[in-house]
Amino acid sequence: MRPAWLEIDLTAIADNIERVLSVLGSQRKLIAVIKDDAYGHGATVIGPVAQRCGVRMFAVSLIEEAIEVKSVCSGAEILILGLVPLDAVPTAIEHGFHMPLDSVDRAKVISQAASAQGTAAKVHLKVDTGMHRIGVPADEVGQLCRGLRDLPNLDIRGIFTHFASAPDDPLFTTQQFERFQQACREAETILGQRLPLKHCANSAATVRYPEMWLDAVRPGALLYGIPRNRGGQYLPTMDQALSMKAKIASIRTLPAGEKLGYGRTWQAQRTSRIAQVPLGYGDGYDRHLSNKGEVLLRGRRLPVVGAICMDSTFVDVTDIPGAKVGEEVVMVGSQGDETITIAEIAEHCGTVVQEVPVRMNVRLPRIYTCQPGDERVAHFADRYRSATSDVSA
Ligand SMILES: Cc1ncc(COP(=O)(O)O)c(C=O)c1O
């Protein structure tokens with residue numbers, strides 16, 4: 001196997017899911033967002049693990065993702081968050097996927113396709129309350145609903161919206177929530193039916209605003225343990241499931257004054273031992289971490305030096321004189337008492353936590369681990385986790 005890999009701790013995933021489920025109680029649903037290959041964690045494993053832990057409904061972006069999830073999670077309800085291309089609507093209906101509805105024109109296409117199949121299409125009204133990405137503008141919900149009244153074979157299962165700034169703008173989030181509630185009331189009045197699934201809370205809103213949990217929450221990042229604020233008043237701390245690891249490929253000594261790597265951006269201030277770790281930006285270890293990031297070796301933080309290459313990263317191991325080729329370096333994750341969080345990486349890279357694991361998903365082998373004897377997930381794991389981070393045995 002390549003001496004660089006991603007490790008996904010299924011015990012952490014199962015714990016995180018169970019934490020959310022236990023806080024939600026039996027009256028509310030968890031719609032687990034596993035789009036983009038479960039944020040790089042592998043939807044075909046995370047889906048079944050989540051199902052095993054009690055998740056009954058998933059959300060993805062694309063019909064292709066929905067088909068993949070259905071193939072491994074039989075019986076699960078699957079909501080496609082993105083607008084389904086009109087020519088794919090019949091397929092989505094055949095599979096029984098839930099689809100967003102944002103206009104009367106789209107509703108007509110869905111209604112016709114469902115009628116042609118002699119079935120009802122499951123739809124959720126998607127309301128734009130301020131994100132301005134997908135959805136009927138909140139003040140046009142009434143018009144949309146009036147247009148739906150005469151269309152057959154639409155099974156309106158729910159109504160949802162998406163927050164633009166839930167992590168950092170409580171005022172705007174509250175405004176969006178109020179617009180959403182108003183839209184829900186209007187839709188139910190005009191349609192003359194209760195919409196069973198009202199949902200708006202992504203991870204940040206799930207963590208901060210229990211009043212926004214409504215009938216279901218729709219978190220992604222939280223389940224993988226990667227939100228910026230870890231734990232809070234309403235939810236326990238989540239565990240980061242993903243680690244990125246590699247074994248030192250070579251070590252060389254550079255005299256003081258020597259410069260290193262592409263662009264020669266780092267200069268040795270002393271005689272330095274530089275390890276070459278065989279993964280780089282081609283594996284999603286972002287180039288913005290050049291001369292900024294830190295990694296763990298023997299439980300200690302060491303600096304990334306020089307520019308990160310497509311397939312290699314340099315680490316200054318001078319402070320660990322015994323460091324040797326073949327030793328395990330943790331680029332993301334824990335070793336001993338230290339942890340490099342995904343949030344830390346995201347901050348260095350000036351991006352959101354969600355982007356970091358998604359970009360690490362390109363060509364690294366994935367190893368699934370779990371705590372010894374974790375009956376919930378052992379079946380899905382390649383290995384048990386050892387007490388240390390080293391699973392290379
Ligand atoms: C519509 C929608 N709902 C929920 C989520 C989950 O977001 P998060 O990962 O912040 O929980 C996303 C992700 O971007 C989304 O697009």
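Treat the numbers as computed from the prediction; the structure is a model and nothing was measured. Hydrogens, waters and symmetry mates are skipped; everything else that's a heavy atom, side chains included, is used. Each ligand, and each atom within it, is numbered from 1 in the order the structure gives.
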Ring-ring centroid check Y39 H41, cutoff 6.0 Å: no

Close aromatic pair by centroid cut-off 6.0 Å: H348 and H288: no

Between [X] and ligand 1, does any nitrogen or oxygen pair lie at a separation below 3.5 Å?
X    : answer
K126 : no
G220 : yes
A221 : yes

Salt bridge present between R19 and D239 (N-O < 4.0 angstrom): yes

Salt-bridge contact R157-D155 (side-chain N to carboxylate O under 4.0 Å): yes

Validation row: L101, H124 side chains within 4.5 angstrom (heavy atoms): no

Closest to atom 3 (N) of ligand 1 among R133, K35, R218 (heavy-atom distance): R218

Heavy-atom nearest option to atom 1 (C) of ligand 1, drawn from H199, M131, H162: H162

Short side-chain to backbone donor-acceptor contact, Q276 and S312, under 3.5 Å: no

Can you tell me the protein heavy atom closest to [atom] and the distance?
atom                    : value
atom 11 (O) of ligand 1 : S203 OG, 2.5 Å
atom 9 (O) of ligand 1  : Y39 OH, 2.6 Å
atom 10 (O) of ligand 1 : Q354 NE2, 2.9 Å

Atoms of ligand 1 close to P219 [distance to a heavy atom under 4.0 angstrom, numbered from 1]: 11 (O)

Ring geometry between H199 and F160 (parallel below 30°, tilted from 30 to 60°, perpendicular above 60°): parallel

